[in-house]
Amino acid sequence: MLSCVLTDIGGREIAAPPLLSLSVNIDEGVPADSLYAVFSYADFGELTQIKLTDGEKLLFVGIVDEQEHEQSGQGEFLKISARSPAAFLLDNEAMPCAYDHPSMRLIYERYVAPYGIAAAQDDDAVYFGEQAILKGFSCWRALKKFCAACYSSLPRISSVGVLYPKGAVSDKTVRFGENGVRYTSLSVTNKRCEEISAVYVKPSDTSSYTVPVENRDAIRRGIRRERYLNAALTESPMRCADMMLKNSRAKAYAIKLRCPSCLIGCEGYRADLRDSSVSAEKDLYISAVHYRMTADGAYTDVTLKRRNSDVDQ
């Protein structure tokens with residue numbers, strides 16, 4: 001059963017009243033996950049944090065953004081809006097500086113660890129180049145810039161505050177359909193207009209855009225959407241071109257399911273869809289989880305995508 005624990009400005013933890021409604025949005029494309037909860041009103045003073053649990057399992061740690069006391073003909077309510085710990089990195093500016101051959105450990109210690117966010121693993125990969133943190137960069141942008149250059153991937157901070165520099169990837173699997181999680185609706189979207197077929201790279205200021213990086217699978221399927229990349233203006237240009245292709249492929253295909261159950265905490269899991277009426281692609285994973293609970297019931301909208309590693313070049 002879902003329940004919440006609140007923390008006030010004095011550090012005191014308080015068991016919240018039973019939930020009247022709850023909305024949780026978790027999406028790999030959004031740095032900070034969000035939570036919106038409504039309770040019967042009780043005066044707890046100013047709150048700083050909300051934790052969502054299912055029995056002993058921690059599902060969400062939220063930094064309280066807004067706290068509202070509402071009175072109406074329907075009753076008296078306490079409403080809380082919160083974001084996951086990634087909000088700290090979005091809300092804080094990074095000190096401008098320049099790095100020569102920065103490591104993941106250095107970036108983590110400078111921009112992530114001070115906010116109590118744990119690292120999923122002890123990764124000390126080094127980016128062999130220079131990186132500038134400019135005035136106005138958030139801590140999130142500094143982290144994102146390093147991960148894009150070093151790993152060709154975007155970082156992910158989970159809803160409970162754990163950093164995955166290469167994105168949230170899990171070996172656990174959720175089966176949907178036959179002998180698995182039941183769903184009441186399904187849609188499959190294939191957006192050919194999102195997929196890029198080739199990126200042409202300009203290796204230097206004195207050359208032209210002569211180096212192609214191709215998505216051969218898209219070309220085989222008759223897609224022609226080309227882009228150009230100036231290597232002189234981009235760190236790790238080949239990796240950047242590769243990421244452009246992978247990201248376009250991720251946007252192009254999605255399966256959406258509505259499940260009458262709670263699947264918070266399953267983001268990043270592998271997905272096994274068993275439905276004879278659907279020709280689903282293989283190597284799917286859960287990229288987004290949107291949970292809703294009201295007096296009328298509860299459900300989770302789940303988005304499945306194909307792994308970026310499937311790009312055939």
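Along the sequence shown, residues are numbered consecutively beginning with 1.
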Measure the [atom1]-[atom2] distance between [X] and [Y] for me, rounded to the nearest 0.5 Å.
X	Y	atom1	atom2	value
L143	L163	CG	CG	5.5 Å
L35	R83	CG	CZ	12.5 Å
I50	I63	CD1	CD1	11.0 Å
L284	T303	CG	OG1	11.5 Å
E178	L273	CD	CG	11.0 Å

Charged N to carboxylate O below 4.0 Å: is that the case for [X] and [Y]?
X	Y	value
D272	R270	no
R156	D33	yes
E194	R192	no

Should side-chain heavy atoms under 4.5 Å link Ile, Leu, Val, Met, Phe, Trp and Tyr, which residues sit in the same cluster as V61?
L58, V160, V162, Y164

Is the [X]-[Y] ring centre distance short of 6.0 angstrom?
X	Y	result
F77	Y41	no
F88	Y115	yes
Y127	H101	no

Shortest non-hydrogen contact from [X] toward [Y]:
X	Y	answer
V174	C266	CG2-SG, 4.2 Å
I264	E267	C-OE1, 4.3 Å
K305	Y253	CG-O, 3.8 Å
C262	T300	CA-OG1, 3.5 Å
S84	S158	CB-O, 4.3 Å
P203	S208	CD-O, 3.4 Å

Strictly distance-based, threshold 3.5 Å: is any side-chain N or O of Q67 a donor or acceptor partner for the main-chain N or O of I80?
no

Whether Q131 side chain and P102 backbone form a donor-acceptor pair below 3.5 Å
no

Are L52 and I14 linked, directly or through intermediate hydrophobic residues, by side-chain heavy-atom contacts shorter than 4.5 Å (ILVMFWY only)?
yes

With clusters defined by side-chain heavy atoms of hydrophobic residues (ILVMFWY) lying less than 4.5 Å apart, directly or transitively, does L245 cluster with V211?
yes

Identify, with sequence neighbours excluded, every residue that meets side chain to side chain contact (heavy atoms under 4.5 Å, CB included) alongside S187.
K256

Contact between T53 and L2 at the side-chain level, heavy atoms closer than 4.5 Å - yes or no?
no

When you compare the side chain of Y99 with that of I133, does any pair of heavy atoms fall below 4.5 Å?
yes

Salt bridge (charged side-chain N to carboxylate O under 4.0 Å, His left out) partner of E195, chosen from K246, R225, R227, R221:
R221

Near R141 CZ, under 6.0 Å, is it more than 12 heavy atoms from other residues, nucleotides or ligands?
no

Any side-chain donor-acceptor pair under 3.5 Å between D301 and Y183?
no

Are a donor atom and an acceptor atom from the side chains of R292 and S23 found within less than 3.5 Å of each other?
yes

Which residues share a side chain to side chain donor-acceptor pair (under 3.5 Å) with S34, sequence neighbours left out
N25

For Y269 and T173, what are the C-alpha separation, side-chain angles and deciding distance, and is it a side chain to side chain contact (heavy atoms under 4.5 Å, CB included)?
CA-CA 5 Å; Y269 284 22; T173 301; over 6 Å; no

